[in-house]
Amino acid sequence: MVNAIELKQVSKHFTRDGAVTQALSDIDLTIEPGSFVSLIGPSGCGKSTMLRLIAGLAFPDGGRVAARGEAVTGPGADRGFMFQEHNLFPWLTISENIGFGLRARHDKGDIEARVAEMLDLVGLAEFADAYPHQLSGGMCQRASLARALAGRPSTLLLDEPLGALDAFTRMNIQSEIERIWQEEHMTMIMVTHDVDEAVYLSDTVIVMTARPGKIVARIPIKLSRPRPRSSPDFFHYSARILDLLHYGGKQPEPEYFL
Ligand SMILES: Nc1ncnc2c1ncn2[C@@H]1O[C@H](COP(=O)(O)OP(=O)(O)OP(=O)(O)O)[C@@H](O)[C@H]1O
Ligand SMILES: [Mg+2]
């Protein structure tokens, strides 16, 4: 089986005003087709940089990035990208936004039908002719997800896609993302700062540390779906990830009464 995405010994630095930042170092990662992988780690540890390398929007200094066995030489329709901000064009309606990429690359299929299908998938059919400012933040996030999905990418890269949402909308959209991932059989790679979100959605959680960004743990989440968020097993995984991120807190010393 060809891996959906493979990073081998990848490193990346940036130079600003003569100062060098080693953003990523020694990154080895293989992602199987159809899996859901989350990247979690402190701010500045190189998560967005890693997604940009996979998207072909940036290139490594050393090592190799491959998508479906081929070296990544630039962006491709096989890799959809959803940014943290919804980035919808304010002057286009929701359906025009969703069809934008397909029109731009003169997609041969029936664009109207695909847009209608995507609107249904994210539950926005009633808002096809609305403009982004007429939608709530969560609805804009869903429209943005629909736009990223419209081109049928085999891999979807999500950079903190739900970062700006309230906890309840966030949980609802997490379930929608899980449903879409299962229905469309795609590979999803998501950056998040939310440990519960990572445990809820991922087959594997990749935990990173900062400067230089390195992978410190790969945690397979072996819970059946949909995952009960309040179960002890779920809590066990989140606690383990929080510990790796050094937010687990110190356990109180046991008290002994003789
Ligand atoms: N274009 C750039 N020029 C200079 N430095 C950059 C550039 N892009 C990223 N960096 C640096 O690389 C490091 C990693 O940045 P990156 O955006 O990948 O972090 P991140 O893990 O996504 O952080 P966050 O969780 O805050 O989004 C940071 O120290 C950042 O300052
Ligand atoms: Mg980032």
Side-chain angles (χ1 to χ4, degrees), residues 5-31 36-67 72-75 79-88 137 140-141 144-145 147-148 153 155-167 170 173-174 177 187-202 204-219 238 240-248:
I5 300 294
E6 185 167 17
L7 285 83
K8 265 220 158 4
Q9 283 299 296
V10 164
S11 59
K12 176 74 179 168
H13 79 278
F14 293 102
T15 310
R16 193 174 48 85
D17 300 334
V20 174
T21 304
Q22 190 66 39
L24 292 171
S25 163
D26 293 328
I27 299 289
D28 279 316
L29 181 64
T30 52
I31 298 179
F36 200 122
V37 173
S38 291
L39 307 177
I40 196 162
S43 178
C45 74
K47 303 178 295 294
S48 296
T49 303
M50 209 146 113
L51 282 200
R52 291 173 62 80
L53 294 176
I54 297 169
L57 300 170
F59 299 95
D61 313 321
R64 174 183 144 90
V65 181
V72 169
T73 55
R79 281 155 288 132
F81 202 124
M82 181 182 169
F83 295 91
Q84 178 173 9
E85 300 305 325
H86 63 69
N87 277 332
L88 297 170
C140 285
Q141 295 273 15
S144 175
L145 182 62
R147 185 174 63 178
T155 299
L156 186 60
L157 307 166
L158 303 160
D159 197 351
E160 297 187 47
L162 313 182
L165 302 181
D166 71 90
R170 195 173 176 131
I173 302 191
Q174 285 165 5
I177 289 179
T187 309
M188 288 206 184
I189 308 175
M190 178 181 73
V191 169
T192 182
H193 281 120
D194 182 333
V195 174
D196 286 352
E197 180 167 284
V199 174
Y200 183 76
L201 285 170
S202 314
T204 307
V205 179
I206 306 291
V207 184
M208 297 177 66
T209 53
R211 293 201 194 83
K214 283 184 187 247
I215 294 174
V216 285
R218 294 168 171 78
I219 303 184
S238 6
R240 185 150 162 235
I241 294 166
L242 281 171
D243 265 348
L244 284 160
L245 294 167
H246 306 295
Y247 289 107

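Each residue takes its place number in the sequence, starting with 1. Counting convention: from 1, in listed order, for ligands and their atoms alike.
A heavy-atom distance below 4.5 Å is found between the side chains of Gln9 and Asp28. In this structure the side chain of Val216 never reaches within 4.5 angstrom of the side chain of Met208, judged on heavy atoms. Counting heavy atoms from C-beta outward, Arg79 and Pro153 have side chains that stay 4.5 Å or more apart. Using a 4.5 Å heavy-atom cutoff, the side chains of Ile219 and Leu244 are in contact.
Using a 4.0 Å cut-off to heavy atoms of Thr21, the atoms of ligand 1 that qualify are 29 (O).
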Result block: side-chain N/O donor-acceptor pairs under 3.5 angstrom for residues 12-24, not counting sequence neighbours:
unit_1: Lys12; atom_1: NZ; unit_2: Phe59; atom_2: O; d: 2.8
unit_1: His13; atom_1: ND1; unit_2: Asp61; atom_2: OD2; d: 2.8
unit_1: Gln22; atom_1: NE2; unit_2: Leu24; atom_2: O; d: 3.0

Is there a side-chain contact (heavy atoms from CB on, under 4.5 Å) between Met188 and Leu201 once you walk through the steps?
-> CA-CA 10 Å; Met188 288 206 184; Leu201 285 170; over 6 Å; no

Is there a side-chain contact (heavy atoms from CB on, under 4.5 Å) between Leu157 and Asp159 once you walk through the steps?
-> CA-CA 7 Å; Leu157 307 166; Asp159 197 351; over 6 Å; no

Could you give me the CA-CA distance, side-chain angles and deciding distance for Val72 and Leu53, then say whether side-chain contact (heavy atoms from CB on, under 4.5 Å) is met?
-> CA-CA 8 Å; Val72 169; Leu53 294 176; over 6 Å; no

CA sep, side-chain torsions, deciding dist, call: Ile5, Val37, side-chain contact (heavy atoms from CB on, under 4.5 Å) = CA-CA 11 Å; Ile5 300 294; Val37 173; over 6 Å; no

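The proximity of His193 to ligand 1, defined as any non-hydrogen pair under 4.0 Å, is limited to the side chain. Of the heavy atoms in Arg16, none comes closer than 4.0 Å to ligand 1. Residue Met50 does not touch ligand 1, judged by heavy-atom distances below 4.0 Å. Residue contacts with ligand 1 for Thr49 involve both N, CA, C or O and side-chain atoms from C-beta outward (heavy atoms, distance under 4.0 Å).
In this structure, the protein non-hydrogen atom closest to atom 17 (O) of ligand 1 is Ser48 CB, 3.7 Å. Here the heavy atom of the protein found nearest to atom 2 (C) of ligand 1 is Phe14 CD2, 3.5 Å.
With atom 21 (O) of ligand 1 as the reference point, the heavy atom nearest to it among Lys47, His13, Gln22, Met208 is part of Lys47. Between atom 13 (C) of ligand 1 and the options Ala19, Ser43, Gly44, Ala58, the minimum heavy-atom separation is to Gly44.
Legend: protein N/O/S atoms lying under 2.8 Å from the Mg ion (ligand 2), waters omitted, number 1.
The side chain to side chain contact (heavy atoms under 4.5 Å, CB included) with Leu156 is formed by just one residue from the set Leu145, Ile189, Thr187; it is Leu145.
Of the protein's heavy atoms, none falls inside 4.0 Å of atom 31 (O) of ligand 1. Remark: atom 9 (C) of ligand 1 lies closer than 4.0 Å to at least one protein heavy atom.
Summarising the local packing, CZ of Arg170 is surrounded by more than 12 heavy atoms from other residues, nucleotides or ligands at distances under 6.0 Å.
Formation of a donor-acceptor pair under 3.5 Å by the Lys214 side chain with backbone atoms of Asp26 is not found in this model.
Using a non-hydrogen distance threshold of 4.0 Å, Glu160 registers as a contact of ligand 1.
Backbone and side-chain nitrogen or oxygen atoms of Ala23 are examined, and none is located within less than 3.5 angstrom of a nitrogen or oxygen of ligand 1.
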